[in-house]
There are 2 protein chains.
Amino acid sequence: MTDTWKEFEANEVTHSVAHHLVAIHEVGREYGGWARVSDIARWLGITRGSVSINLRNIKTRGLVIEDEHRQVKLSEEGLKIAQAIMAKKAAVKAFLRDVINVPEEQAEIDSCKVEHLISHSTGENLLRFITFLTSDNPAAREALSQFRKFEDR
Amino acid sequence: MTDTWKEFEANEVTHSVAHHLVAIHEVGREYGGWARVSDIARWLGITRGSVSINLRNIKTRGLVIEDEHRQVKLSEEGLKIAQAIMAKKAAVKAFLRDVINVPEEQAEIDSCKVEHLISHSTGENLLRFITFLTSDNPAAREALSQFRKFEDR
DNA sequence: AAAACCTGTTTGACATATCAAACATCTACA
DNA sequence: TGTAGATGTTTGATATGTCAAACAGGTTTT
Ligand SMILES: [Mn+2]
Ligand SMILES: [Mn+2]
Ligand SMILES: [Mn+2]
Ligand SMILES: [Mn+2]
């Protein structure tokens with residue numbers, strides 16, 4: 001009815017772009033942030049051709065910079081986006097695995113699917129919640145323990 | 001490194017298909033489940049042309065059936081998928097809004113983005129968790145109340 | 001009956017994302 | 001030094017999803 005669902009389209013980055021950014025961050029880790037097309041492609045499990053084309057778009061949007069050897073590095077904005085995505089993924093995964101007992105592998109898959117889609121503020125609320133719930137607050141510990149029992153009903 | 005992230009691609013349905021199925025379900029509610037292209041298009045806020053093309057795909061996959069007046073209705077499989085998506089959305093939204101205090105509108109947007117992506121089992125775990133946490137279990141109530149305080153730190 | 005409106009489909013365009021294959025260029029190594 | 005391998009780009013294909021515009025039928029209004 002409302003067009004709220006079309007907000008889905010209105011994402012900062014697509015899943016593909018999100019993973020390109022994170023890949024550059026990871027691959028470039030030992031090289032001052034600089035990454036090569038080939039290494040990004042290998043990391044992502046897609047062809048060099050695809051990475052080359054995708055980077056065209058990502059460069060245009062100012063999310064990476066390029067040096068004279070055609071290596072790429074996250075721009076300030078690209079880095080901010082990559083870090084936000086990694087943080088949200090970590091929060092979601094921790095919640096799924098440590099709070100509601102989703103198996104590790106499934107938590108990995110589900111958090112991967114969702115990492116770039118949840119809003120910043122939701123990510124923050126979630127992080128606050130797991131921080132509280134996995135703290136040594138007695139009420140939190142008791143609730144979690146009761147939930148474990150509740151689950152095995 | 002691993003190709004886990006490509007599992008993203010391996011979804012039962014895309015966001016677009018998910019909303020087409022749910023739209024058919026909603027639009028057809030008062031007509032024995034039968035829906036027309038025009039009404040689906042209006043509901044989704046896209047053109048009739050787009051719906052027409054998308055339905056071609058959705059029919060091929062056996063998710064809807066068509067009658068002699070070109071009306072469509074969810075097949076048994078299509079209905080199962082639509083219901084699973086609606087259930088997951090409700091669970092996510094309730095968690096965001098009622099547990100971690102995400103504002104209604106944001107909870108709506110985030111749950112919409114994610115509804116078709118989270119796995120069945122994760123959805124079930126989440127539902128168990130919110131059922132417990134919003135029950136009258138004293139430990140649950142105390143934890144939630146402590147979390148409210150913790151938030152306003 | 002005619003005109004206006006509503007419906008569903010098709011076409012051509014565009015955007016994103018992927019592949020394989022061909023190419024040009026570098027690099028390494030024998 | 002010459003060949004083999006690695007690298008990056010481009011092209012042509014496929015798939016999904018969207019739009020606007022044109023078209024063909026059907027229904028309603030006048
Ligand atoms: Mn240099
Ligand atoms: Mn991911
Ligand atoms: Mn009939
Ligand atoms: Mn949605």
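Numbers restart at 1 for each chain; the letters A, B, ... are given by sequence-line order, proteins then strands. Predicted model only: the values in this text are computed from it and were never measured.
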* Angle class for the A:Phe129/B:Phe129 ring planes (parallel below 30°, perpendicular above 60°, tilted otherwise)? -> perpendicular
Review item, nucleotides 9-12 of chain C N/O atoms under 3.5 Å of protein N/O:
from   : atom 1 : to      : atom 2 : distance (Å)
C:dT9  : OP2    : B:Ser52 : OG     : 2.8
C:dT9  : O5'    : B:Ser52 : OG     : 3.3
C:dT10 : OP2    : B:Arg56 : NH1    : 3.0

Strictly below 4.0 Å: does [X] bring a side-chain N or O up to OP1 or OP2 of [N]?
X	N	answer
A:Arg42	D:dT7	yes
B:Thr14	D:dG17	yes
A:Asn54	C:dT16	no
A:Thr47	C:dA20	no
A:Ser16	C:dT16	no

* Run the salt-bridge test on B:Asp39 and B:Arg42 with the 4.0 Å N-O cut-off and return the result as yes or no. => yes
* **Salt bridge flag under 4.0 Å for residues B:Lys80 and B:Glu77** => no
* **hydrophobic_cluster_shared for B:Leu63 and B:Trp34, side chain cutoff 4.5 Å** => no
Roughly how many Å is it from [atom1] in [X] to [atom2] in [N], rounded to a whole number?
X	N	atom1	atom2	result
A:Ile40	D:dG8	CD1	P	8 Å
A:Leu63	C:dT16	CG	C1'	15 Å
B:His69	D:dT27	NE2	C1'	15 Å
A:Ile46	C:dA21	CD1	P	17 Å
B:His20	D:dT16	NE2	C1'	12 Å
B:Leu21	D:dG17	CG	P	11 Å
B:Asn57	D:dA15	CG	C1'	10 Å
A:Asn11	C:dA17	CG	P	11 Å

* Asked: Minimum heavy-atom separation for A:Leu21 to A:Gly78, with atom names?
  ->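 In terms of heavy atoms, the two residues are closest at CD1-O, 4.2 Å.
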* Asked: Is the count of non-hydrogen atoms from other residues, nucleotides or ligands lying under 6.0 Å from A:Arg97 atom CZ greater than 12?
  ->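 Yes, CZ of A:Arg97 has more than 12 neighbouring heavy atoms, counting only those of other groups under 6.0 Å.
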* Gap between atom CD1 of B:Ile81 and atom NE2 of B:His116 - 0.5 Å precision ->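 Here the rounded value is 12.5 Å.
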